[in-house]
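These notes concern the structure reproduced below.
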Amino acid sequence: MLDIQTLRNDVNQVAARLATRGFVLDTAKFAQLEAGRKAIQTRTQELQAKRNSSSKLIGQAKAKGEDTSAIMSEVANFGDELKQLEAQLERVQHELNTFLSVIPNTPHDSVPVGKSETDNVEVRKVGTLPQFNFEVKDHVSIGEQLGLDFDTAAKISGARFSLLKGGLARLHRALVQFMLDTHIEQHGYTEVYVPYLVNADSMRGTGQLPKFESDLFSVNAGMVFSSEELAQIEEDRKKEQEQREKGLPVTHMLRTKGANTFYLIPTAEVPVTNIVRDEIVPLEKLPMKFVAHTPCFRSEAGAYGRDTRGMIRQHQFDKVELVQIVHPEKSYEGLEALLGHAEVILQKLGLPYRVVKLCTGDMGFSAALTYDIEVWLPAQNTYREISSCSNFEAFQARRMQARFRNAQGKPELLHTLNGSGLAVGRTLVAVLENYQQADGSVVIPEVLRPYMGGMEKLAP
RNA sequence: GGAGAGGUGGCCGAGAGGUCGAAGGCACGCCCCUGCUAAGGGCGCAUACGAGCUUAAACUUGUAUCGAGGGUUCGAAUCCCUCCCUCUCCGCCA
């Protein structure tokens with residue numbers, strides 16, 4: 001969420017910055033909503049003040065045993081108007097809120113302007129590309145011999161799921177352990193174990209809702225209703241519909257009933273960052289650095305047809321996620337450090353990669369600046385995203401009301417950062433492809449061997 | 001799943017229809033006293049949003065907020081309804 005003050009002071013400037021990322025800010029709509037809000041709010045508060053002072057007088061008069069009918073009829077005169085105004089105010093504020101909550105973050109000044117990933121800027125290339133004196137296979141062909149089984153996964157669940165067996169499953173686990181240990185022992189992160197099902201407030205906090213609901217999986221726990229309850233729900237639904245038609249604020253009777261709707265996390269960013277939602281963190285606790293290993297669930301509704309082969313794009317994958325909660329003045333420093341922490345994993349694994357700075361058009365909704373790390377995949381003869389490290393500045397913190405107490409003792413919004421360190425499935429793919437041998441076996445990177453019982457290679 | 005008790009400011013905790021944004025305490029900030037890592041005293045100290053003033057801050061003022069949402073009332077932290085959450089005991093369970 002952007003700062004509404006900034007929008008009021010300088011809509012055009014904000015609109016221009018948002019335009020660079022392909023978002024058209026409806027400034028006329030904003031002006032209209034603001035004008036409406038202002039007029040209604042001023043008048044409403046005026047009447048509320050009048051009502052409050054009258055009520056106070058009534059209280060005093062009653063205490064003395066005096067007659068209060070004159071004052072009470074005066075209040076009754078504007079009672080209806082006030083009720084209407086309060087309803088109108090709520091409606092316009094709700095509209096304004098909805099309007100604000102779908103505006104993406106403004107890009108940092110250093111972000112290259114561009115339309116798509118082709119406009120991203122390469123920051124550096126690290127590592128040397130492996131040479132093969134045989135025809136390279138992709139991870140699907142290599143994996144088939146080693147325990148990667150899409151057919152069984154499809155039987156159990158469906159498309160875009162995978163099943164790993166034997167050494168491959170262990171290698172997957174070894175990657176997780178290696179990543180976690182590195183970040184905990186060498187980079188100073190605190191490991192956290194978090195819920196994989198979260199509520200809607202958490203999803204709103206980090207920006208997945210309300211705009212990207214279709215990318216998420218949701219579950220309704222214990223939603224078994226008796227016939228009376230079903231009838232009640234139907235009635236509530238009608239009531240809500242009527243309220244909408246009359247233009248009254250909707251009371252969301254259904255929403256409270258459905259409060260046991262959970263969302264499966266699309267990334268650990270959601271539960272981990274929401275640790276500080278509605279909190280005021282003491283200054284000396286900053287920066288907070290968390291690392292978590294979680295599965296991630298994405299419906300990727302819009303991505304069908306892309307990466308259909310293999311485990312590049314799955315409904316479920318594991319990720320080790322780095323999150324930092326920092327002082328606003330330290331967030332860009334923190335981002336560089338965090339990016340470095342993710343890179344270390346690739347360096348230790350001996351995987352060649354490059355770092356790109358995303359252009360305005362390719363950045364995610366909540367980010368002010370994003371670096372992607374792309375790992376070399378020999379079979380695709382290209383670099384593919386394996387980590388995304390972003391500074392969200394105060395965008396998420398404002399939605400979450402995540403604050404710290406500054407040196408003056410006043411609450412101030414935090415900055416939030418996160419990045420994959422790394423996506424485990426894709427790292428497994430990269431290991432398979434980069435360490436493949438002519439005989440179909442795969443050499444295990446040295447840093448992983450302690451986690452593999454000393455094993456040096458996976459052989460068919 | 002059953003029974004009960006609760007949710008109030010950064011924290012603890014009173015308040016049980018009127019002058020309550022909310023006593024008291026802790027923590028924190030400024031000041032005084034003391035002169036040594038003790039103690040005492042005074043003052044201040046919620047957040048969001050609006051209006052005024054302003055370059056801005058400060059300030060003044062208004063409104064809202066006592067788990068959330070509805071309702072009753074001239075007036076709700078306090079009464080009613082719905083929901084959420086926490087704790088205790090029992091049951092079940094990895």
Check the interface with nucleotides 16-22 of chain B: list each N/O to N/O pair with the protein under 3.5 Å, or write none.
from   : atom 1 : to    : atom 2 : distance (Å)
B/rG18 : N2     : A/S55 : O      : 2.9

Problem set entry | Nearest to side-chain heavy atoms of A/Q45, which nucleotide of B/rA64, B/rG10, B/rC49 | B/rC49
For this session: Just compare B/rA48, B/rC74, B/rG10 and give me whichever is closest to any side-chain atom of A/R403.
Result: B/rA48
Interatomic distance, [X] [atom1] vs [N] [atom2] [rounded to whole Å]:
X      : N      : atom1 : atom2 : result
A/E90  : B/rG69 : CD    : C1'   : 10 Å
A/N406 : B/rA57 : CG    : C1'   : 14 Å
A/Q41  : B/rA51 : CD    : C1'   : 9 Å
A/D278 : B/rA48 : CG    : P     : 13 Å
A/Q48  : B/rA76 : CD    : P     : 11 Å
A/I40  : B/rA51 : CD1   : P     : 14 Å
A/R405 : B/rA27 : CZ    : P     : 16 Å

Exercise. Hey, mind stepping through A/D149 and A/K165 against salt bridge (Lys or Arg N to Asp or Glu O under 4.0 Å) and telling me if it holds?
Worked result: CA-CA 8 Å; A/D149 182 352; A/K165 272 184 290 203; 3.6 Å; yes
For this session: State which residues pass side-chain hydrogen bond (donor to acceptor under 3.5 Å, both in side chains) with A/H108; sequence neighbours excluded, sorted by chain then number.
Result: A/S110
Exercise. Below 6.0 angstrom between ring centroids: does that apply to A/F395 and A/H415?
Worked result: no
Problem set entry | Residues A/R43 and A/E81 bridged, charged N to O under 4.0 Å | yes
Exercise. In dot-bracket notation, what is the pairing pattern of RNA chain B, taking Watson-Crick (N1-N3 plus N6-O4 or O6-N4) and G-U wobble (N1-O2 and O6-N3) contacts under 3.5 Å, with [ ] crossing and | for other strands?
Worked result: ((((((((.[[[..)..(.....]]].(((((.......))))).(((((((......))))))).[[[[[..)....]]]]])))))))....
Problem set entry | Nearest-Å distance once atom C1' is located in both B/rA23 and B/rC12 | 14 Å
